[in-house]
Student: 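Dumping the structure here so I can ask a few things about it.
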Number of protein chains: 2
Amino acid sequence: MNDSRKYILKIAFQLFMQKSYKEVTLKEIVEKTKLSKGAFYHYFPSKEQLFMEVIDSYYYAYLNVDYLKFSQDNLKDFYNGILEQMQAEINKMSTEFQVDDKVVPMNYYLLIFDAINLLPGFRKRVIEISDREFEQWRKIVSTARAKGEISSPMTDELIAKTFIRINDGAGIYFILEGNVEKMNFEIKELWDAFYNHIKT
Amino acid sequence: MNDSRKYILKIAFQLFMQKSYKEVTLKEIVEKTKLSKGAFYHYFPSKEQLFMEVIDSYYYAYLNVDYLKFSQDNLKDFYNGILEQMQAEINKMSTEFQVDDKVVPMNYYLLIFDAINLLPGFRKRVIEISDREFEQWRKIVSTARAKGEISSPMTDELIAKTFIRINDGAGIYFILEGNVEKMNFEIKELWDAFYNHIKT
DNA sequence: TCCCATAAACCGAACGTTCGGTCTGTTATT
DNA sequence: AATAACAGACCGAACGTTCGGTTTATGGGA
(Lines give C-alpha, C1' and ligand atoms only; values in the text may rest on other atoms or scores of the structure.)
Protein backbone atom coordinates (compact mmCIF):
# COMPACT_ATOMS: atom_id res chain seq x y z
CA MET A 1 0.00 0.00 0.00
CA ASN A 2 1.03 3.59 0.40
CA ASP A 3 1.75 3.03 4.10
CA SER A 4 5.42 2.94 3.22
CA ARG A 5 5.07 6.10 1.21
CA LYS A 6 3.48 7.94 4.09
CA TYR A 7 6.06 6.55 6.47
CA ILE A 8 8.89 7.80 4.26
CA LEU A 9 7.28 11.23 4.24
CA LYS A 10 7.00 11.26 8.01
CA ILE A 11 10.59 10.18 8.63
CA ALA A 12 11.84 12.62 6.02
CA PHE A 13 9.91 15.44 7.66
CA GLN A 14 11.58 14.68 10.97
CA LEU A 15 15.01 14.54 9.38
CA PHE A 16 14.56 17.75 7.41
CA MET A 17 13.73 19.53 10.67
CA GLN A 18 16.88 18.19 12.30
CA LYS A 19 19.39 18.93 9.59
CA SER A 20 19.65 20.72 6.29
CA TYR A 21 18.51 19.19 3.01
CA LYS A 22 22.02 18.24 1.94
CA GLU A 23 22.86 16.75 5.30
CA VAL A 24 19.94 14.35 5.10
CA THR A 25 21.21 11.46 3.00
CA LEU A 26 19.23 8.82 1.19
CA LYS A 27 21.18 6.24 3.14
CA GLU A 28 19.79 7.67 6.35
CA ILE A 29 16.24 7.82 5.05
CA VAL A 30 16.52 4.22 3.89
CA GLU A 31 17.93 3.08 7.22
CA LYS A 32 15.39 4.95 9.34
CA THR A 33 12.47 3.66 7.26
CA LYS A 34 13.96 0.15 7.23
CA LEU A 35 13.44 0.07 3.51
CA SER A 36 15.87 -0.08 0.62
CA LYS A 37 16.99 2.39 -1.99
CA GLY A 38 14.94 0.49 -4.52
CA ALA A 39 11.84 0.78 -2.42
CA PHE A 40 12.41 4.48 -1.97
CA TYR A 41 12.70 5.12 -5.69
CA HIS A 42 9.62 3.04 -6.22
CA TYR A 43 7.66 5.72 -4.38
CA PHE A 44 9.59 8.89 -5.15
CA PRO A 45 11.34 9.91 -8.35
CA SER A 46 14.01 11.85 -6.48
CA LYS A 47 15.13 13.19 -3.14
CA GLU A 48 14.14 16.65 -4.28
CA GLN A 49 10.60 15.50 -5.07
CA LEU A 50 10.40 13.94 -1.62
CA PHE A 51 11.38 17.26 -0.09
CA MET A 52 8.72 19.08 -2.07
CA GLU A 53 6.07 16.65 -0.92
CA VAL A 54 7.23 17.02 2.67
CA ILE A 55 6.71 20.75 2.33
CA ASP A 56 3.30 20.24 0.77
CA SER A 57 1.95 17.70 3.22
CA TYR A 58 3.47 19.08 6.40
CA TYR A 59 4.41 22.73 6.13
CA TYR A 60 1.39 23.88 4.21
CA ALA A 61 -0.91 21.59 6.15
CA TYR A 62 0.24 22.51 9.65
CA LEU A 63 1.20 26.14 9.39
CA ASN A 64 -1.42 27.34 6.98
CA VAL A 65 -3.80 28.37 9.72
CA ASP A 66 -7.44 29.09 9.04
CA TYR A 67 -8.10 32.20 11.11
CA LEU A 68 -11.81 32.21 10.45
CA LYS A 69 -12.11 29.36 12.94
CA PHE A 70 -11.36 31.81 15.73
CA SER A 71 -13.53 34.51 17.20
CA GLN A 72 -14.04 37.38 14.80
CA ASP A 73 -15.33 39.96 17.28
CA ASN A 74 -13.29 39.50 20.45
CA LEU A 75 -9.52 39.91 20.49
CA LYS A 76 -8.91 37.89 23.64
CA ASP A 77 -11.00 34.99 22.38
CA PHE A 78 -9.21 35.26 19.04
CA TYR A 79 -5.74 34.90 20.46
CA ASN A 80 -6.78 32.26 22.97
CA GLY A 81 -8.14 30.29 20.04
CA ILE A 82 -4.81 30.54 18.29
CA LEU A 83 -3.01 29.45 21.44
CA GLU A 84 -5.27 26.43 21.77
CA GLN A 85 -4.68 25.37 18.21
CA MET A 86 -0.92 25.83 18.54
CA GLN A 87 -0.95 23.74 21.69
CA ALA A 88 -2.98 21.03 19.97
CA GLU A 89 -0.48 20.90 17.10
CA ILE A 90 2.49 20.75 19.43
CA ASN A 91 0.87 17.95 21.42
CA LYS A 92 0.08 16.07 18.24
CA MET A 93 3.64 16.35 17.01
CA SER A 94 5.13 15.56 20.40
CA THR A 95 3.30 12.25 20.63
CA GLU A 96 3.74 11.41 16.97
CA PHE A 97 7.38 12.33 16.66
CA GLN A 98 8.93 10.42 19.50
CA VAL A 99 11.96 8.19 19.12
CA ASP A 100 13.28 6.47 22.22
CA ASP A 101 11.50 8.79 24.66
CA LYS A 102 13.12 11.77 22.94
CA VAL A 103 10.99 14.21 21.02
CA VAL A 104 12.54 14.94 17.66
CA PRO A 105 13.69 18.57 17.27
CA MET A 106 10.97 20.66 15.67
CA ASN A 107 13.01 23.27 13.84
CA TYR A 108 10.60 24.25 11.12
CA TYR A 109 12.73 27.25 10.19
CA LEU A 110 15.36 24.85 8.89
CA LEU A 111 12.65 23.46 6.64
CA ILE A 112 11.65 26.92 5.48
CA PHE A 113 15.21 28.02 4.74
CA ASP A 114 15.85 24.95 2.60
CA ALA A 115 12.52 25.39 0.85
CA ILE A 116 13.38 28.98 0.00
CA ASN A 117 16.66 27.85 -1.52
CA LEU A 118 15.20 24.86 -3.35
CA LEU A 119 11.74 25.86 -4.45
CA PRO A 120 11.37 28.94 -6.61
CA GLY A 121 8.48 31.08 -5.48
CA PHE A 122 8.45 29.62 -1.99
CA ARG A 123 9.63 32.82 -0.33
CA LYS A 124 6.76 34.67 -1.97
CA ARG A 125 4.29 32.14 -0.58
CA VAL A 126 5.75 32.50 2.91
CA ILE A 127 5.34 36.25 2.64
CA GLU A 128 1.76 35.82 1.43
CA ILE A 129 0.96 33.63 4.40
CA SER A 130 2.51 36.22 6.71
CA ASP A 131 0.51 38.96 5.05
CA ARG A 132 -2.71 37.01 5.51
CA GLU A 133 -1.86 36.39 9.14
CA PHE A 134 -1.19 40.08 9.64
CA GLU A 135 -4.44 41.06 7.92
CA GLN A 136 -6.44 38.76 10.20
CA TRP A 137 -4.83 40.26 13.29
CA ARG A 138 -5.35 43.79 12.03
CA LYS A 139 -9.01 43.09 11.42
CA ILE A 140 -9.73 41.66 14.83
CA VAL A 141 -7.79 44.47 16.51
CA SER A 142 -9.82 47.00 14.56
CA THR A 143 -13.05 45.28 15.57
CA ALA A 144 -11.98 45.07 19.19
CA ARG A 145 -11.29 48.79 19.22
CA ALA A 146 -14.61 49.60 17.57
CA LYS A 147 -16.44 47.47 20.12
CA GLY A 148 -14.62 49.15 22.99
CA GLU A 149 -12.73 46.02 24.04
CA ILE A 150 -9.41 47.81 23.72
CA SER A 151 -8.22 51.40 23.58
CA SER A 152 -4.68 52.45 22.87
CA PRO A 153 -2.73 55.27 21.21
CA MET A 154 -1.11 52.55 19.06
CA THR A 155 -2.43 52.03 15.57
CA ASP A 156 -4.22 48.79 14.74
CA GLU A 157 -1.30 47.79 12.57
CA LEU A 158 1.26 48.19 15.34
CA ILE A 159 -0.86 46.29 17.84
CA ALA A 160 -1.30 43.46 15.34
CA LYS A 161 2.42 43.38 14.60
CA THR A 162 3.28 43.35 18.29
CA PHE A 163 1.24 40.19 18.82
CA ILE A 164 2.77 38.54 15.78
CA ARG A 165 6.38 39.49 16.51
CA ILE A 166 6.10 38.28 20.10
CA ASN A 167 4.87 34.98 18.76
CA ASP A 168 7.66 34.60 16.20
CA GLY A 169 10.31 35.85 18.59
CA ALA A 170 9.36 33.30 21.21
CA GLY A 171 9.18 30.67 18.49
CA ILE A 172 12.72 31.13 17.23
CA TYR A 173 14.05 31.42 20.77
CA PHE A 174 12.61 28.14 21.97
CA ILE A 175 13.67 26.41 18.77
CA LEU A 176 17.22 27.54 19.44
CA GLU A 177 16.90 26.46 23.04
CA GLY A 178 15.48 23.13 21.93
CA ASN A 179 12.36 23.40 24.10
CA VAL A 180 9.47 23.96 21.76
CA GLU A 181 7.05 22.66 24.39
CA LYS A 182 7.68 25.67 26.62
CA MET A 183 6.94 28.09 23.81
CA ASN A 184 3.20 28.38 24.21
CA PHE A 185 3.31 29.12 27.88
CA GLU A 186 5.51 32.15 27.37
CA ILE A 187 3.54 33.44 24.42
CA LYS A 188 0.40 33.32 26.51
CA GLU A 189 2.10 35.19 29.33
CA LEU A 190 3.34 37.91 27.00
CA TRP A 191 0.12 38.21 25.03
CA ASP A 192 -1.92 38.42 28.21
CA ALA A 193 0.36 41.07 29.64
CA PHE A 194 0.28 43.16 26.49
CA TYR A 195 -3.47 42.70 26.24
CA ASN A 196 -3.94 44.03 29.75
CA HIS A 197 -2.16 47.19 28.69
CA ILE A 198 -4.39 47.89 25.72
CA LYS A 199 -7.70 46.64 27.09
CA THR A 200 -10.22 49.28 28.03
CA MET B 1 50.17 38.18 3.84
CA ASN B 2 47.03 37.06 5.56
CA ASP B 3 44.94 39.23 3.27
CA SER B 4 43.93 36.08 1.42
CA ARG B 5 43.10 34.40 4.67
CA LYS B 6 40.83 37.21 5.76
CA TYR B 7 39.27 37.32 2.32
CA ILE B 8 38.49 33.61 2.46
CA LEU B 9 36.86 34.14 5.85
CA LYS B 10 34.75 36.97 4.51
CA ILE B 11 33.57 35.10 1.42
CA ALA B 12 32.89 32.00 3.50
CA PHE B 13 30.84 34.03 5.95
CA GLN B 14 28.69 35.32 3.13
CA LEU B 15 28.23 31.85 1.69
CA PHE B 16 27.37 30.27 5.04
CA MET B 17 24.61 32.83 5.46
CA GLN B 18 23.20 32.04 2.05
CA LYS B 19 23.17 28.26 2.23
CA SER B 20 23.78 25.48 4.68
CA TYR B 21 27.23 24.21 5.56
CA LYS B 22 26.98 21.17 3.30
CA GLU B 23 25.69 23.19 0.40
CA VAL B 24 28.71 25.47 0.47
CA THR B 25 31.37 23.57 -1.43
CA LEU B 26 35.09 24.05 -1.48
CA LYS B 27 34.86 24.52 -5.21
CA GLU B 28 32.61 27.51 -4.70
CA ILE B 29 34.83 29.04 -2.04
CA VAL B 30 37.85 28.61 -4.28
CA GLU B 31 36.04 30.15 -7.26
CA LYS B 32 34.60 33.09 -5.33
CA THR B 33 37.95 33.88 -3.75
CA LYS B 34 39.72 33.43 -7.10
CA LEU B 35 42.21 31.21 -5.37
CA SER B 36 43.01 27.52 -5.69
CA LYS B 37 42.55 24.49 -3.50
CA GLY B 38 46.21 24.59 -2.71
CA ALA B 39 45.93 28.15 -1.53
CA PHE B 40 42.89 27.36 0.58
CA TYR B 41 44.57 24.47 2.35
CA HIS B 42 47.62 26.60 2.85
CA TYR B 43 45.54 28.78 5.17
CA PHE B 44 42.97 26.38 6.59
CA PRO B 45 43.40 22.75 7.60
CA SER B 46 39.81 21.87 6.72
CA LYS B 47 36.42 23.21 5.71
CA GLU B 48 35.17 22.53 9.21
CA GLN B 49 37.96 24.61 10.72
CA LEU B 50 37.09 27.44 8.34
CA PHE B 51 33.50 27.28 9.54
CA MET B 52 34.59 27.43 13.15
CA GLU B 53 36.72 30.49 12.47
CA VAL B 54 33.85 32.14 10.64
CA ILE B 55 31.73 31.62 13.73
CA ASP B 56 34.48 32.97 15.96
CA SER B 57 35.37 36.04 13.95
CA TYR B 58 31.90 37.01 12.77
CA TYR B 59 29.17 35.55 14.94
CA TYR B 60 30.84 36.09 18.26
CA ALA B 61 32.29 39.42 17.16
CA TYR B 62 29.15 40.98 15.72
CA LEU B 63 26.36 39.53 17.77
CA ASN B 64 28.01 39.40 21.15
CA VAL B 65 26.80 42.82 22.21
CA ASP B 66 28.36 44.66 25.10
CA TYR B 67 25.35 46.08 26.90
CA LEU B 68 27.40 48.16 29.29
CA LYS B 69 28.02 50.60 26.44
CA PHE B 70 24.40 51.67 26.67
CA SER B 71 22.66 53.76 29.26
CA GLN B 72 22.30 51.94 32.55
CA ASP B 73 19.69 54.14 34.14
CA ASN B 74 17.25 55.12 31.38
CA LEU B 75 15.27 52.50 29.47
CA LYS B 76 14.56 54.62 26.44
CA ASP B 77 18.19 55.63 26.07
CA PHE B 78 19.16 51.99 26.56
CA TYR B 79 17.05 50.68 23.73
CA ASN B 80 17.86 53.60 21.45
CA GLY B 81 21.50 52.78 22.01
CA ILE B 82 20.88 49.20 20.96
CA LEU B 83 18.99 50.37 17.89
CA GLU B 84 21.86 52.66 16.91
CA GLN B 85 24.41 49.89 17.23
CA MET B 86 22.23 47.49 15.26
CA GLN B 87 21.84 50.06 12.53
CA ALA B 88 25.57 50.68 12.45
CA GLU B 89 26.24 46.96 12.07
CA ILE B 90 23.67 46.59 9.33
CA ASN B 91 25.12 49.55 7.46
CA LYS B 92 28.62 48.17 7.83
CA MET B 93 27.56 44.78 6.49
CA SER B 94 25.47 46.29 3.71
CA THR B 95 28.38 48.23 2.28
CA GLU B 96 30.89 45.48 2.89
CA PHE B 97 28.81 42.63 1.57
CA GLN B 98 27.77 43.87 -1.78
CA VAL B 99 28.19 41.89 -4.97
CA ASP B 100 26.98 43.47 -8.20
CA ASP B 101 24.75 46.03 -6.48
CA LYS B 102 23.02 43.21 -4.60
CA VAL B 103 23.39 42.91 -0.86
CA VAL B 104 24.18 39.37 0.10
CA PRO B 105 21.45 37.68 2.18
CA MET B 106 22.14 38.07 5.88
CA ASN B 107 20.53 34.96 7.28
CA TYR B 108 22.53 34.56 10.46
CA TYR B 109 20.07 31.97 11.74
CA LEU B 110 21.32 29.60 9.05
CA LEU B 111 24.77 30.10 10.51
CA ILE B 112 23.51 29.42 14.01
CA PHE B 113 21.64 26.25 13.04
CA ASP B 114 24.71 24.81 11.34
CA ALA B 115 26.88 25.81 14.27
CA ILE B 116 24.55 24.02 16.67
CA ASN B 117 24.79 20.86 14.58
CA LEU B 118 28.53 21.06 14.04
CA LEU B 119 30.00 22.51 17.19
CA PRO B 120 29.31 20.72 20.45
CA GLY B 121 28.41 23.15 23.17
CA PHE B 122 27.42 25.88 20.76
CA ARG B 123 23.74 25.73 21.69
CA LYS B 124 24.67 26.24 25.30
CA ARG B 125 26.68 29.32 24.39
CA VAL B 126 23.78 30.72 22.41
CA ILE B 127 21.55 30.22 25.41
CA GLU B 128 24.11 31.88 27.67
CA ILE B 129 24.25 34.90 25.38
CA SER B 130 20.45 35.04 25.40
CA ASP B 131 20.42 34.81 29.16
CA ARG B 132 22.92 37.65 29.46
CA GLU B 133 20.86 39.74 27.06
CA PHE B 134 17.75 39.06 29.12
CA GLU B 135 19.52 39.91 32.35
CA GLN B 136 20.65 43.26 30.97
CA TRP B 137 17.13 44.12 29.88
CA ARG B 138 15.69 43.01 33.19
CA LYS B 139 18.14 45.20 35.07
CA ILE B 140 17.46 48.36 33.09
CA VAL B 141 13.71 47.75 33.30
CA SER B 142 14.01 47.37 37.04
CA THR B 143 16.03 50.56 37.29
CA ALA B 144 13.59 52.44 35.07
CA ARG B 145 10.73 51.38 37.32
CA ALA B 146 12.60 52.37 40.46
CA LYS B 147 13.39 55.77 38.99
CA GLY B 148 9.78 56.31 37.99
CA GLU B 149 10.48 56.25 34.26
CA ILE B 150 7.96 53.46 33.74
CA SER B 151 5.05 51.98 35.66
CA SER B 152 3.18 48.88 34.65
CA PRO B 153 1.36 45.90 36.19
CA MET B 154 3.73 43.71 34.17
CA THR B 155 6.72 42.20 35.96
CA ASP B 156 10.20 43.37 35.02
CA GLU B 157 10.83 39.99 33.49
CA LEU B 158 7.84 40.14 31.18
CA ILE B 159 8.63 43.67 30.06
CA ALA B 160 12.19 42.64 29.29
CA LYS B 161 11.02 39.59 27.39
CA THR B 162 8.53 41.63 25.40
CA PHE B 163 11.29 43.89 24.10
CA ILE B 164 13.50 40.94 23.26
CA ARG B 165 10.82 38.84 21.57
CA ILE B 166 9.69 41.78 19.44
CA ASN B 167 13.29 42.19 18.35
CA ASP B 168 13.79 38.53 17.48
CA GLY B 169 10.38 38.21 15.87
CA ALA B 170 11.03 41.14 13.56
CA GLY B 171 14.48 39.73 12.89
CA ILE B 172 13.32 36.35 11.68
CA TYR B 173 10.49 37.90 9.70
CA PHE B 174 12.69 40.26 7.72
CA ILE B 175 15.25 37.54 7.16
CA LEU B 176 12.52 35.39 5.62
CA GLU B 177 11.31 38.34 3.61
CA GLY B 178 14.88 39.07 2.52
CA ASN B 179 14.81 42.71 3.64
CA VAL B 180 17.04 42.93 6.66
CA GLU B 181 17.50 46.66 6.06
CA LYS B 182 13.86 47.34 6.95
CA MET B 183 14.17 45.46 10.22
CA ASN B 184 15.39 48.26 12.43
CA PHE B 185 12.70 50.69 11.44
CA GLU B 186 9.96 48.32 12.52
CA ILE B 187 11.66 47.37 15.75
CA LYS B 188 11.93 51.03 16.66
CA GLU B 189 8.25 51.57 15.88
CA LEU B 190 7.19 48.64 18.02
CA TRP B 191 9.55 49.39 20.88
CA ASP B 192 8.47 53.02 20.95
CA ALA B 193 4.81 52.05 20.94
CA PHE B 194 5.25 49.54 23.73
CA TYR B 195 7.37 51.98 25.67
CA ASN B 196 4.62 54.61 25.51
CA HIS B 197 2.29 52.12 27.14
CA ILE B 198 4.52 51.42 30.09
CA LYS B 199 6.04 54.87 30.57
CA THR B 200 4.82 56.83 33.55
C1' DT C 1 -8.26 -26.02 -3.63
C1' DC C 2 -4.64 -25.46 -6.48
C1' DC C 3 -2.23 -23.14 -10.09
C1' DC C 4 -0.73 -19.49 -12.59
C1' DA C 5 -0.69 -14.66 -14.47
C1' DT C 6 -0.02 -10.08 -13.22
C1' DA C 7 1.40 -6.30 -10.75
C1' DA C 8 2.98 -3.97 -6.83
C1' DA C 9 6.55 -3.85 -3.33
C1' DC C 10 11.01 -4.29 -2.43
C1' DC C 11 16.11 -5.30 -2.77
C1' DG C 12 21.10 -4.15 -3.32
C1' DA C 13 25.00 -4.05 -6.61
C1' DA C 14 26.76 -0.82 -9.68
C1' DC C 15 27.22 3.75 -12.07
C1' DG C 16 28.69 8.45 -12.87
C1' DT C 17 29.52 12.50 -10.41
C1' DT C 18 31.00 15.44 -6.82
C1' DC C 19 32.77 15.97 -2.49
C1' DG C 20 36.66 17.26 0.93
C1' DG C 21 41.25 16.62 1.09
C1' DT C 22 46.35 15.50 -0.50
C1' DC C 23 50.38 16.01 -3.01
C1' DT C 24 53.70 17.63 -6.19
C1' DG C 25 55.21 21.32 -8.48
C1' DT C 26 55.76 26.40 -9.71
C1' DT C 27 56.11 31.29 -8.79
C1' DA C 28 56.81 35.35 -5.76
C1' DT C 29 58.93 37.45 -1.80
C1' DT C 30 62.43 38.29 1.43
C1' DA D 1 68.66 30.20 -0.91
C1' DA D 2 64.79 29.59 1.67
C1' DT D 3 60.17 29.99 2.58
C1' DA D 4 55.58 31.58 1.87
C1' DA D 5 51.91 31.71 -1.51
C1' DC D 6 49.68 29.68 -4.80
C1' DA D 7 48.21 26.27 -8.72
C1' DG D 8 45.92 22.18 -10.20
C1' DA D 9 46.24 17.10 -11.03
C1' DC D 10 44.86 13.56 -8.37
C1' DC D 11 42.66 10.42 -4.66
C1' DG D 12 39.17 7.64 -2.17
C1' DA D 13 34.79 8.07 -0.05
C1' DA D 14 30.16 9.18 -0.34
C1' DC D 15 26.51 10.95 -2.83
C1' DG D 16 21.91 10.43 -5.62
C1' DT D 17 20.21 7.60 -9.05
C1' DT D 18 19.56 3.45 -12.06
C1' DC D 19 18.53 -1.11 -13.04
C1' DG D 20 17.99 -6.12 -13.26
C1' DG D 21 16.07 -9.02 -10.43
C1' DT D 22 13.33 -11.22 -6.32
C1' DT D 23 9.56 -11.49 -3.14
C1' DT D 24 4.85 -10.82 -1.84
C1' DA D 25 0.00 -9.94 -2.61
C1' DT D 26 -4.11 -10.48 -5.47
C1' DG D 27 -7.46 -12.48 -8.33
C1' DG D 28 -9.43 -15.40 -11.95
C1' DG D 29 -9.83 -20.02 -14.26
C1' DA D 30 -10.00 -24.91 -13.75
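Chain letters run A, B, ... following the sequence lines, proteins first and then strands; every chain starts at 1. Keep in mind that this is a model prediction, so the values were computed, not measured.
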Student: Surrounding CZ of B:R138 (heavy atoms of other residues, nucleotides or ligands, distance under 6.0 Å), is the total greater than 12?
Tutor: yes

Student: I'd like to check A:Y79 versus A:I187 (side-chain heavy atoms, cut-off strictly below 4.5 Å). Are they in contact?
Tutor: no

Student: Heavy atoms only, 4.0 Å cut-off, all strands: where does B:V30 land among base, sugar-phosphate and nothing?
Tutor: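 Nothing, no nucleic acid heavy atom in range.
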
Student: Short of 4.0 Å, heavy atom to strand atom, which residues of residues 10-22 of chain A count as contacting DNA chain C?
Tutor: none

Student: Measure the acute angle between the ring planes of A:F78 and A:W137, then classify it against the limits of 30° and 60° as parallel, tilted or perpendicular.
Tutor: perpendicular

Student: Between the protein and nucleotides 25-30 of chain C, which nitrogen or oxygen pairs come in under 3.5 angstrom?
Tutor:
none

Student: Mind calculating the distance between CD1 (A:I8) and C1' (C:dA9) to the nearest angstrom?
Tutor: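 Distance, rounded to whole Å: 11 Å.
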
Student: Please give, in whole Å, the distance from C:dG21 P to B:Q49 CD?
Tutor: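 That distance rounds to 11 Å.
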
Student: Of all residues at least two apart in sequence or in a different chain, which pass the salt bridge (Lys or Arg N to Asp or Glu O under 4.0 Å) check with A:E186?
Tutor: B:K161, B:R165

Student: Could you tell me how far apart B:R5 (CZ) and D:dA4 (C1') are, to the nearest whole angstrom?
Tutor: 14 Å

Student: Would you indicate whether A:E96, at its atom CD, is surrounded by more than 12 heavy atoms from other residues, nucleotides or ligands within a distance under 6.0 Å?
Tutor: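 Yes, because the 6.0 Å sphere around CD of A:E96 holds more than 12 heavy atoms from other groups.
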
Student: Between C:dC11 atom C1' and A:K34 atom NZ, what is the distance in whole Å?
Tutor: 17 Å

Student: B:H42 side chain N/O closer than 4.0 Å to the phosphate oxygens (OP1, OP2) of D:dA5?
Tutor: yes

Student: Picking from B:F122, B:Y59, B:Y21, what satisfies ring-ring contact (aromatic ring centres under 6.0 Å, His included) with B:F51?
Tutor: B:Y21

Student: Name all pairs fulfilling the side chain to side chain donor-acceptor pair (under 3.5 Å) condition that reach into residues 143-152 of chain A, sequence neighbours left out, sorted by first residue then second.
Tutor: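 Residue pairs passing side chain to side chain donor-acceptor pair (under 3.5 Å), neighbours aside: A:R145-A:D156, A:E149-A:Y195, A:S152-B:H197.
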
Student: Report yes or no: does B:N107 contribute a side-chain atom to a donor-acceptor pair with the main-chain N or O of B:Y109 at less than 3.5 Å?
Tutor: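 A pair under 3.5 Å: yes.
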
Student: Rounded to whole Å, please give me the gap between NZ in A:K27 and P in D:dA13.
Tutor: 14 Å

Student: Return a table of donor-acceptor pairs under 3.5 angstrom between the side chains of residues 67-75 of chain B and protein atoms on other chains or two or more places apart.
Tutor:
| unit_1 | atom_1 | unit_2 | atom_2 | d |
| --- | --- | --- | --- | --- |
| B:K69 | NZ | B:Q85 | OE1 | 2.5 |
| B:S71 | OG | B:D73 | N | 3.3 |
| B:S71 | OG | B:N74 | N | 3.1 |
| B:Q72 | NE2 | B:Y67 | O | 3.0 |
| B:Q72 | NE2 | B:F70 | O | 3.1 |
| B:N74 | OD1 | B:K76 | N | 3.1 |
| B:N74 | OD1 | B:D77 | N | 2.8 |

Student: For A:Y108 together with A:Y58, are the ring centres under 6.0 Å from each other?
Tutor: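 When the ring centroids of A:Y58 and A:Y108 are compared, they turn out to be at least 6.0 Å apart.
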
Student: Starting the side chain at C-beta, find the nucleotide from C:dG12, D:dC15, D:dA7 nearest to A:T25.
Tutor: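 Among the listed nucleotides, the one closest to the side chain of A:T25 is D:dC15.
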
Student: Main chain of B:L83, side chain of B:N184: is a donor-acceptor contact present, judged purely on distance under 3.5 Å?
Tutor: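 At least one qualifying donor-acceptor pair exists.
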
Student: Output the single nucleotide from D:dC6, D:dC15, C:dC10 whose closest atom is nearest the side chain of A:L35.
Tutor: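 The closest nucleotide is C:dC10.
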
Student: Dump the pairs, protein N or O against N or O of nucleotides 17-19 of chain D, anything under 3.5 Å, distances to one decimal.
Tutor:
| unit_1 | atom_1 | unit_2 | atom_2 | d |
| --- | --- | --- | --- | --- |
| D:dT17 | OP2 | A:Y41 | OH | 2.5 |
| D:dT17 | OP2 | A:K47 | N | 2.8 |
| D:dT17 | O5' | A:Y41 | OH | 3.2 |
| D:dT17 | O4 | A:K37 | NZ | 3.2 |

